[in-house]
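Order of listing sets the numbers, starting from 1, for every ligand and every atom in it.
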Amino acid sequence: MTGKNQLLDYLQKTPQDQLNAGTIAFLANLEKVKEVSPSIGESIVKELLDQRSHLKLIASENFASLSVQGAMGNLLTDKYAEGYPYNRFYAGCENVDKIEDEAANLAKELFGAEHAYVQPHSGADANVVAFLAILAAKVQKPMLDDMGDDINKLTREQFNKIRQAYGNQRLMALDLYSGGHLTHGYRLNVSAIMFDVHSYHVEKDTMLLDLDKLHKQAKEVKPLILLAGYSAYSRHINFAKMREIADDVGAVLMVDMAHFAGLVAGGTFKGDYNPVPFAHVVTTTTHKTLRGPRGGLILCKNEFKEFMEKGCPQFLGGPLPHVMAAKAIAFREALSDDFKTYTNNIIKNAQALAAAFMEKGAKVVTGGTDNHLLLVDVAATYGLTGRQGESALRAGGVTLNRNSLPFDTNGPWYTSGLRMGTPAITTLGMGTTEMLEIADIVHNILKNTKPTTTASGAKSRAKFETTPAVATESKERVKALLAKFPLYPEIEV
Ligand code: DSN
């Protein structure tokens with residue numbers, strides 16, 4: 001483990017031709033961190049060891065390359081660059097201009113987009129920037145055309161008219177319980193304050209979206225924005241059809257592809273399942289299937305470009321040049337043939353995992369998956385809440401997250417479901433054979449876990465007991481599996 005001057009130790013002990021740049025970079029960085037805070041240094045190492053000793057099945061996480069990490073951890077963080085390339089509110093932005101330009105151009109190339117805005121700090125921020133840009137283009141601009149172009153010269157009454165018009169716009173998006181995201185109009189999120197939200201839902205019998213029904217609802221609601229995209233929906237969405245619906249009701253089609261951006265970039269989601277040609281605006285994170293740094297990205301048609309570029313300072317704080325640099329690295333990596341193979345394998349693995357669970361009698365929502373994730377109904381299958389399943393698996397060496405299912409009676413805290421995803425384990429190099437072993441490990445833990453019964457005889461929704469020998473055996477099996485697929489083999493600690 002890491003001791004003082006571990007880097008020196010490594011350099012002295014390792015023959016020159018076997019020196020590893022990844023290890024040197026990691027240890028050098030760690031030594032500098034530890035000079036100021038040994039405890040933060042220790043947490044970094046412990047996080048590495050934790051991720052090395054647990055199977056990561058969190059559908060929204062991945063392992064970014066050391067090149068991405070290197071681009072992020074440096075002096076670029078020192079620079080302010082409010083504005084956008086070649087239009088900054090600060091001097092000395094020449095290098096940041098180049099970085100942001102390169103990242104945006106690579107994003108355009110990767111996705112075939114007309115315009116790319118790489119500044120959003122997260123997917124949630126990207127969604128707010130996109131909402132504001134659509135409001136500016138579709139609500140504010142026509143009003144300014146009447147009132148005079150300079151917003152600062154409007155009277156208070158005129159400006160209040162714009163504010164009121166903003167507040168009256170409708171957003172139609174997938175309900176949280178049907179797999180939508182918090183930022184798609186959930187009442188505790190700012191999106192529900194910005195818009196009059198009308199959610200659409202999956203069908204109770206199939207748990208699938210019915211686009212004809214959605215079309216009918218859109219005709220009644222007449223939203224300004226029809227938003228597609230999800231955090232927990234395992235099936236394809238036909239974006240060509242979504243665009244037809246949007247056009248029919250005069251809505252802007254916005255797609256949040258945070259979960260499946262990598263599958264689009266790798267060409268695995270193509271034709272009607274690629275939202276970029278069809279949507280007016282596409283938002284995403286860059287750290288999920290796309291395997292880049294934690295951050296956000298917006299792609300849009302040129303008609304929204306000037307409004308999108310006002311994201312900072314309209315809503316975003318100063319851009320993060322170090323993260324934009326890392327986005328550029330990730331986009332370049334995603335342009336490779338290896339990345340195409342990777343995204344095909346993500347789906348093959350998710351389908352193999354879903355099939356293996358169903359083979360064991362587990363209830364998989366919608367009976368399978370078309371993408372990188374699957375939802376297992378642990379209440380129906382194992383008599384557990386999602387919270388109990390999540391905790392029991394973590395104790396057995398598997399990290400994943402509980403998730404509400406459509407029409408969930410256990411609420412968003414306890415939940416009835418577990419969401420599993422294959423982006424991270426596919427990055428490690430695992431294939432369909434390993435999915436069989438993973439399904440077996442997970443099933444074995446869950447079937448040997450029981451809710452604790454309270455004194456009154458009621459089943460707890462949080463406490464549980466797992467047969468101790470099963471938890472121990474699972475950890476051993478996880479260890480054996482992960483030993484064959486080491487995480488960051490470049491880092492020798
Ligand atoms: N938290 C992400 C997810 O897990 O889906 C979305 O923001």
Side-chain angles (χ1 to χ4, degrees), residues 51 54-64 120-131 171 173-192 199 202 227-235 237 254-264 269 275 282-298 315-316 323 327 330 346-347 350 353 365-366 369-376 378 386-387 389-391 393-394 398-406 408 412-427:
Q51 297 205 23
H54 290 78
L55 261 175
K56 189 194 269 206
L57 295 183
I58 293 184
S60 49
E61 292 186 7
N62 212 326
F63 302 114
H121 307 157
S122 67
D125 285 5
N127 282 346
V128 176
V129 171
F131 290 149
L171 168 73
L174 184 62
D175 180 58
L176 185 76
Y177 283 93
S178 285
H181 190 247
L182 290 166
T183 56
H184 298 181
Y186 186 61
R187 290 231 165 130
L188 295 179
N189 181 263
V190 69
S191 50
S199 301
V202 294
L227 174 53
Y230 51 77
S231 269
Y233 183 72
S234 57
R235 293 300 182 175
I237 294 176
M254 173 171 157
V255 175
D256 178 344
M257 65 168 180
H259 264 263
F260 54 93
L263 308 179
V264 175
F269 273 18
V282 177
T283 58
T284 182
T285 52
T286 47
H287 50 270
K288 297 188 176 88
T289 45
L290 197 46
R291 211 163 61 180
R294 190 160 291 283
L297 165 71
I298 301 174
F315 170 70
L316 297 171
V323 182
K327 286 174 188 172
I346 289 178
I347 295 187
L353 197 56
V365 176
T366 78
T369 180
D370 296 327
N371 57 25
H372 61 297
L373 69 87
L374 52 134
L375 292 159
V376 175
V378 285
R387 184 161 177 216
E390 177 189 281
S391 304
L393 286 165
R394 174 76 185 160
V398 180
T399 310
L400 47 59
N401 70 292
R402 64 191 185 276
N403 216 99
S404 301
L405 300 180
D408 203 318
W413 180 249
Y414 293 108
T415 83
S416 299
L418 291 177
R419 188 182 66 165
M420 303 179 196
T422 52
I425 51 178
T426 308
T427 292

| task | Without swapping roles, check the side chain of Ser416 against the backbone of Leu405 for a donor-acceptor pair under 3.5 Å. | result | no

| query | Do Asn62 and Thr427 have a side chain donor and acceptor closer than 3.5 Å? | reply | yes

| Are side-chain N/O atoms of Thr283 and Asn127 paired as donor and acceptor at under 3.5 Å? | yes

Which ligand 1 atoms are under 4.0 Å away from a heavy-atom of [X]?
X	answer
Ser231	5 (O), 6 (C)
His259	3 (C), 5 (O)
His181	6 (C), 7 (O)

| message | Protein heavy atoms near atom 1 (N) of ligand 1, is at least one of them under 4.0 angstrom away? | response | no

| Heavy atom of Arg419, distance to ligand 1 below 4.0 Å |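 Yes.
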
| Among Leu373, Leu418, Leu375, Thr415, which one satisfies side chain to side chain contact (heavy atoms under 4.5 Å, CB included) with Asn403? |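 With Asn403 as partner, side chain to side chain contact (heavy atoms under 4.5 Å, CB included) holds for just one option, Leu375.
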
| query | Is the number of heavy atoms from other residues, nucleotides or ligands under 6.0 Å of Arg235 CZ greater than 12? | reply |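 Atom CZ in Arg235 is packed in, count exceeds 12.
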
